[in-house]
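Shown next, in structure tokens, is the structure this report addresses.
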Amino acid sequence: MKIRWKPTCIGGEVKPDDFCAYLLGVSVGRVYGQYQAGMTLVWNWSFWCGNPEFMRASSGAEQTSQAASEQLRQRIKLYLATPVEDGGGKGLEPEEMRPSESSDRLRWMKANRPEEFWKRIEDIRAGRVDRNYNRWIDDKSPLHALTEDDYV
């Protein structure tokens, strides 16, 4: 499991002491520093995959960025080892992990139309489809909604 860390960018502004964790290009968590009373820097971490029960215990605060990133890393490992029926991501591709309608569609496609699923995953990873999995990215044509015909 290789986690890539990138600076968090909100509204076009890169935040200092704020990083997102990515698995194969999919954002799965965040570690950021925040000053509290007495000007003490506390490092918060959060993981945002899985069902609501799994995610309930998926955040915390630590004294160092290393400790916070290690907590997030451990939560990711637990998620990847936990079966889907228990809210985990065992056996899922990273694109299926985020709780969203797009991820639900991908899981359905994987179960019912595996050839289309792997074509869609290939398109996502190649950057031909945006992170919402429902629009092409192509400089020569405008974005348009995908239909199932795009994957037949």
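FYI, side chains are in, hydrogens and waters are out, and symmetry mates aren't considered; it's all heavy atoms of this structure. Residues take their numbers from the sequence shown, with the count starting at 1.
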Heavy-atom side-chain contact between [X] and [Y] under 4.5 Å:
X     : Y     : value
Val31 : Asn44 : no
Ser27 : Trp48 : yes
Thr8  : Val14 : no
Lys90 : Tyr79 : no
Trp43 : Gln34 : no
Ser69 : Trp5  : yes

Spell out, yes or no, whether Tyr35 and Trp45 are grouped together once hydrophobic residues are joined by side-chain heavy atoms under 4.5 Å, including indirect joins.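 Tyr35 clusters together with Trp45.
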- Message: Test of understanding: clusters of I, L, V, M, F, W, Y form through side-chain heavy atoms closer than 4.5 Å, transitively. Do Tyr32 and Val42 belong to the same one?
- Response: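 Different clusters.
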Point-to-point distance, once rounded to the nearest 0.5 Å, from [atom1] of [X] to [atom2] of [Y]:
X     : Y     : atom1 : atom2 : result
Arg75 : Arg73 : CZ    : CZ    : 15.5 Å
Ile76 : Gln74 : CD1   : CD    : 9.5 Å
Gln66 : Glu70 : CD    : CD    : 10.5 Å
Ser65 : Leu41 : OG    : CG    : 8.5 Å

Under 4.0 Å between a Lys/Arg side-chain N and an Asp/Glu carboxylate O for Lys15 and Glu13?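 Between Glu13 and Lys15 there is a salt bridge, with a charged N closer than 4.0 Å to a carboxylate O.
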Q. What is the minimum heavy-atom distance between Ala67 and Thr64, and which atoms define it?
A.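 In this case the closest contact between Ala67 and Thr64 is N-OG1, 3.0 Å.
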Considering all heavy atoms, the nearest Phe47-Leu72 contact:
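Scanning both residues completely, I find the closest heavy atoms to be CB-CD1, 3.6 Å.
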Under 3.5 Å: donor-acceptor pair, side chain of [X], backbone of [Y]:
X      : Y      : result
Thr40  : Gln36  : no
Trp118 : Lys110 : no
Asp86  : Thr82  : no

Check for me whether Lys6 meets the cation-pi criterion with Tyr22, that is, NZ or CZ under 6.0 Å from the six-membered ring centre and within 45 degrees of the ring axis.
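Checked: cation-pi criterion met.
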ask   = Do Arg120's NZ or CZ and the ring of Phe117 fall within the cation-pi criteria of under 6.0 Å and 45°?
value =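 Not flagged: Arg120 not positioned over aromatic ring of Phe117.
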